[in-house]
Amino acid sequence: AQKVTQAQTEISVVEKEDVTLDCVYETRDTTYYLFWYKQPPSGELVFLIRRNSFDEQNEISGRYSWNFQKSTSSFNFTITASQVVDSAVYFCALSERKQGAQKLVFGQGTRLTINP
Amino acid sequence: DTGVSQNPRHKITKRGQNVTFRCDPISEHNRLYWYRQTLGQGPEFLTYFQNEAQLEKSRLLSDRFSAERPKGSFSTLEIQRTEQGDSAMYLCASSPRQGAVYEQYFGPGTRLTVT
């Protein structure tokens with residue numbers, strides 16, 4: 001069965017600090033996809049990144065970076081020089097590539113608060 | 001470019017009443033998903049449509065829940081005889097094409113409160 005664990009329930013940092021959100025996943029499939037979504041106070045889930053299991057290259061997009069390590073089944077997300085607008089709940093999710101529903105299995109989320 | 005829309009945004013109902021929610025996906029997306037999110041939790045999968053066919057239902061979807069996507073465009077989710085435990089945010093998402101895993105784009109959700 002698929003499972004995503006985000007052990008950090010809440011994180012609070014001061015603006016401009018770097019912060020890393022942890023994500024550990026479990027799956028029996030060799031082909032799978034990992035995602036990060038942001039849920040700001042307005043409530044709408046915003047897609048941030050998708051990564052497939054064959055691509056272990058780290059990715060950087062502006063202040064955001066993602067570290068995918070199959071050996072430890074982790075897909076961590078780092079925000080550099082955090083800003084107040086980064087305050088939100090962040091969800092890591094997993095999807096297996098198979099016939100039928102490619103449903104997302106979400107972690108419980110990490111509430112990130114950036115204080116000015 | 002319009003995203004996924006959901007109506008109503010909020011619904012308050014009394015226990016035992018029926019409610020219906022609507023989701024309009026992004027127009028070229030043929031896959032549509034319903035999720036439920038309770039306070040402090042991540043979204044949980046409820047059901048999935050590819051075009052008008054409902055291809056998978058979660059065990060979370062009791063027989064009081066029914067979803068339709070009659071013409072492969074918008075979808076409705078109906079809850080009959082609502083219970084207080086049904087109070088949650090109901091999220092709709094859509095994704096394009098077939099044969100590959102694409103990211104799902106979510107609507108703003110319908111928040112249901114059962115009193």
Side-chain angles (χ1 to χ4, degrees), chain A residues 1-10 21 23-25 27 29-55 59 61 66 75 88-111, chain B residues 2-6 8-10 23 26 29-51 53-61 67 69 75 88-112:
Chain A
Q2 303 173 78
K3 185 178 179 182
V4 176
T5 301
Q6 295 179 254
Q8 303 152 309
T9 305
E10 294 190 29
L21 309 181
C23 173
V24 174
Y25 61 91
T27 178
D29 272 18
T30 56
T31 303
Y32 52 89
Y33 295 78
L34 296 162
F35 303 79
W36 276 94
Y37 282 84
K38 174 181 180 180
Q39 190 172 42
S42 60
E44 191 161 340
L45 281 160
V46 177
F47 165 75
L48 295 178
I49 190 171
R50 171 175 58 109
R51 172 69 65 200
N52 74 55
S53 53
F54 297 110
D55 183 1
E59 181 156 340
S61 176
W66 291 270
F75 186 43
V89 181
Y90 290 87
F91 290 98
C92 181
L94 167 70
S95 179
E96 293 175 345
R97 187 177 188 274
K98 61 181 181 181
Q99 295 296 323
Q102 290 163 349
K103 60 190 177 187
L104 295 174
V105 174
F106 286 86
Q108 290 193 311
T110 297
R111 180 177 298 279
Chain B
T2 56
V4 178
S5 62
Q6 292 187 247
R9 295 291 306 277
H10 303 273
C23 170
I26 295 171
H29 288 185
N30 67 340
R31 290 172 168 164
L32 187 146
Y33 303 79
W34 285 99
Y35 293 82
R36 181 172 69 185
Q37 185 178 21
T38 53
L39 203 60
Q41 302 295 316
E44 295 175 293
F45 170 79
L46 292 179
T47 190
Y48 157 70
F49 289 86
Q50 184 164 295
N51 300 311
Q54 187 176 19
L55 297 184
E56 187 168 337
K57 294 194 291 187
S58 161
R59 285 173 294 177
L60 291 174
L61 215 64
R69 194 182 183 197
S75 175
M89 177 77 87
Y90 290 84
L91 298 167
C92 177
S94 68
S95 68
R97 295 178 56 182
Q98 302 181 31
V101 174
Y102 285 83
E103 52 272 16
Q104 296 176 21
Y105 295 90
F106 284 80
T110 295
R111 182 169 295 285
L112 172 67

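Sequence lines set the chain letters: A, B, ... in the order given, protein chains first and strands last, and positions in each chain run from 1.
- Of all non-hydrogen atoms in A:Glu44 and B:Gly107, the two that sit nearest each other are CG-O, 3.7 Å.
- Other residues, nucleotides and ligands contribute at most 12 non-hydrogen atoms within 6.0 Å of the CD atom of A:Gln108.
- For the atom pair CG (B:Leu91) and CD (A:Gln39), the distance works out to 7.0 Å, reported to the nearest 0.5 Å.
- Formation of a donor-acceptor pair under 3.5 Å by the A:Tyr37 side chain with backbone atoms of B:Gln104 is found in this model.
- For B:Gln37, the part lying near chain A is the side chain, with the backbone staying farther off; criterion is any non-hydrogen pair under 4.5 Å.
- Considering every non-hydrogen atom in both B:Tyr35 and A:Leu104, the closest pair reads OH-N, 3.0 Å.
- Of the atoms belonging to A:Gln6, not a single heavy atom falls under 4.5 Å from chain B.
- In A:Arg111, the CZ atom is not crowded: 12 or fewer heavy atoms of neighbouring residues, nucleotides or ligands sit closer than 6.0 Å.
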Legend entry - B:Phe45 vs A:Phe106, ring pair (Phe, Tyr, Trp, His ring centres under 6.0 Å): CA-CA, chis, key distance, verdict: CA-CA 9 Å; B:Phe45 170 79; A:Phe106 286 86; over 10 Å; no
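- When B:Pro108, B:Gly109, B:Pro43 are compared by the number of non-hydrogen pairs under 4.5 Å with chain A, B:Pro43 comes out ahead.
- Within 6.0 Å of NZ in B:Lys57 there are 12 or fewer heavy atoms belonging to other residues, nucleotides or ligands.
- The ring of A:Phe47 has its center no closer than 6.0 angstrom to the ring center of B:Phe106.
- The CD1 atom of A:Ile49 lies 10.0 Å from the CD atom of B:Glu103; values are rounded to the nearest 0.5 Å.
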